[in-house]
Amino acid sequence: MYYGVGYRPHTVQRAALGASRDGQLQAIRHEGHQETSTYEEFTEALLSATRFMHSCPNVHTRHRIAPMNVHTPTYMRAPGEASGAYALESAMDELAVALNMDPVELRLRNEPDRDEFKDLPFSSRSTRECYRAAAERFGWAKRNAAPRSMRDGRSLIGWGMASATYPMNYAPASAMARLLPDGTAEVMSAASDMGPGTWTSMTQVAADTLGMPIDRVKFTLGDTRLPRAPIHGGSMTMASVGSAVQAACRKARDDALARADANDIEEAMERLGQIIEVTADVAPGDETKRFSMHAFGAVFVEVAVDPDLGETRVRRIVGAYGAGRVVNPKIARSQCIGGMIGGIGMALMEHSVVDPRNGRVTNANLAEYAVPVHADAPPVMDVIFVDEHDPHVNPLGVKGLGEIALVGVAPAIANAIFHATGKRVRELPITPDKLL
């Protein structure tokens with residue numbers, strides 16, 4: 001897998017923050033070095049979030065690529081934003097400690113009104129609401145700020161938090177809708193479903209747009225002969241394919257009702273007695289030139305650390321997300337839980353050991369490369385969706401949830417570990433030997 005598919009690139013980052021005594025950021029410097037292969041250049045958005053996440057008049061970022069004798073890295077779930085957020089949000093926590101200020105309050109004091117890097121307004125940004133909703137659900141007000149001050153029996157308890165963000169991606173897509181005389185519908189697009197519920201959510205969009213019961217709508221995907229769709233990645237499927245499905249179904253419905261002079265789609269199709277087939281194409285407009293478009297979130301974590309063994313257990317995660325319209329809350333919650341568990345792996349377990357003699361990964365198997373299992377999942381993984389209406393991002397008003405849920409988890413865990421132990425660990429994963 002490491003050689004044929006790729007892996008998240010190793011990064012070395014330096015983050016420096018300057019702030020006034022009242023917590024107002026005055027300067028941010030964030031530099032990152034990232035590996036690539038000698039035969040291809042791969043870069044990812046390692047520093048992009050630093051440029052707009054927190055308000056600051058002086059921001060310097062520098063991203064350098066190091067060609068190495070390794071295979072080409074690639075996008076892993078929540079690509080560069082996940083790695084970059086670890087450095088930025090850990091540094092924000094260190095700053096909060098230095099200022100003797102609550103980490104949430106520090107972020108609220110530096111909440112920007114617009115994207116200061118692009119000098120554009122946000123299409124929508126619900127970060128304040130995410131901080132407050134997650135903090136209230138988590139019980140953050142009960143936190144004793146002093147490190148090593150909270151215990152449960154012999155375990156050291158730590159509470160930490162971090163911000164999360166991921167861009168809204170929207171790509172050209174097409175879909176076809178067919179209305180049949182028996183009052184059913186077939187909708188199709190050459191999308192794919194690797195498990196996030198694309199089949200179900202697209203059927204929902206189609207049924208809602210057509211005004212038909214969901215059991216009378218069939219959605220077909222996974223065939224290159226169908227209308228063209230973008231890759232199944234970048235948290236863009238619902239924004240792109242969903243918008244195309246909506247457009248095709250709306251066009252088909254309007255055509256049927258107009259031709260049959262009816263107000264009900266089933267009555268219209270019965271009158272017409274023939275198939276109506278339409279195709280619709282959608283593509284981004286000039287909104288990206290007028291707005292900065294991102295999903296935002298806040299992640300709160302509770303950990304328990306064994307003071308003798310250095311073992312860390314995640315006991316609770318609460319995440320609040322402002323991600324536009326949520327089409328299917330159950331599927332969306334599952335996406336977020338998956339991101340949370342992936343973030344646990346990033347923070348505490350997952351580590352590729354590279355042999356410096358030949359550049360090969362020595363633990364490229366599931367016996368030696370640890371990933372979270374059921375026993376590692378906390379009993380509480382709470383997901384909150386902030387009500388957010390964004391008319392600018394795409395016709396459906398969605399921002400995507402596939403990747404943002406992982407972005408803030410690792411720094412939130414690291415910040416919680418510092419609160420529990422008083423030890424600041426800057427290198428992932430945070431294994432027991434680093435806490436002893």
Below 4.0 angstrom, N of the basic side chain to O of the carboxylate: do [X] and [Y] qualify?
X	Y	value
Glu186	Lys218	no
Asp254	Arg250	no
Arg51	Asp115	no

What about the rings of [X] and [Y], do their centers lie closer together than 6.0 Å?
X	Y	value
His71	Tyr7	no
Trp140	Phe300	yes
Phe296	Tyr166	no

Under 3.5 Å: donor-acceptor pair, side chain of [X], backbone of [Y]:
X	Y	value
Asn394	Val398	yes
Ser83	Leu46	no
Asp355	Val361	no
Lys434	Glu427	yes
Thr11	Gln34	no
Ser126	Glu129	no
Arg64	Gly32	no
Arg8	Ala78	yes
Ser235	Glu403	yes
Arg29	Ala15	no

Are side-chain heavy atoms of [X] and [Y] found at a separation under 4.5 Å?
X	Y	result
Arg426	Glu94	yes
Pro103	His419	no
Pro230	Met236	yes
Met161	Val104	yes
Asp93	Ser90	no

Face-on cation placement of Arg125 at Phe122 ring, 6.0 Å and 45° thresholds: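 Output yes; distance and angle both within limits.
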Pair listing, salt bridge (charged side-chain N to carboxylate O under 4.0 Å, His left out) test, anchored in residues 292-305, at least two apart: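 Matches after skipping sequence neighbours: Glu302-Arg315, Glu302-Arg316.
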Met269 and Leu180: CA distance, side-chain angles, deciding distance, side-chain contact (heavy atoms from CB on, under 4.5 Å) verdict: CA-CA 7 Å; Met269 293 311 300; Leu180 307 180; 5.8 Å; no
Stepwise side-chain contact (heavy atoms from CB on, under 4.5 Å) test for Val354 and Thr362: CA-CA 6 Å; Val354 179; Thr362 61; over 6 Å; no
When you compare the side chains of [X] and [Y], does any donor N or O come within less than 3.5 Å of an acceptor on the partner?
X	Y	answer
Glu89	Ser163	yes
Asn58	Gln26	no
Tyr369	Glu350	yes
Ser123	Asp390	yes
Glu81	Thr165	no

Geometric class of the Tyr75/Phe42 ring pair [parallel <30°, tilted 30-60°, perpendicular >60°]: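 Answer is perpendicular, since the angle exceeds 60°.
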From CA spacing to verdict: side-chain hydrogen bond (donor to acceptor under 3.5 Å, both in side chains), Ser174, Asp281: CA-CA 4 Å; Ser174 303; Asp281 306 312; 2.5 Å; yes
Residue from Thr220, Val245, Val327 passing side chain to side chain contact (heavy atoms under 4.5 Å, CB included) with Met202: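 Option passing the side chain to side chain contact (heavy atoms under 4.5 Å, CB included) with Met202: Val245.
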Test side chain to side chain contact (heavy atoms under 4.5 Å, CB included) applied to Ile317 and Val380, Val383, Val301, the passing residue: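 So, applying the side chain to side chain contact (heavy atoms under 4.5 Å, CB included) to Ile317 and each of Val380, Val383, Val301, only Val301 qualifies.
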Shortest non-hydrogen contact between Ala252 and Ala177, atoms and distance: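 Minimum heavy-atom contact is CB-CB, 4.1 Å.
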Non-hydrogen atoms of Arg178 and Ile275 that approach each other most closely: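 Closest heavy-atom pair between Arg178 and Ile275: NH2-CD1, 3.4 Å.
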Chi angles and distances behind the side-chain hydrogen bond (donor to acceptor under 3.5 Å, both in side chains) call for Thr61, His63: CA-CA 7 Å; Thr61 59; His63 189 177; over 6 Å; no
Heavy atoms of other groups near Arg360 CZ, more than 12 under 6.0 Å: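 Atom CZ in Arg360 is not crowded, with 12 or fewer foreign heavy atoms closer than 6.0 Å.
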Separation between CD1 of Ile276 and CG of Leu179, rounded to the nearest 0.5 Å: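 Output value for this atom pair is 5.5 Å.
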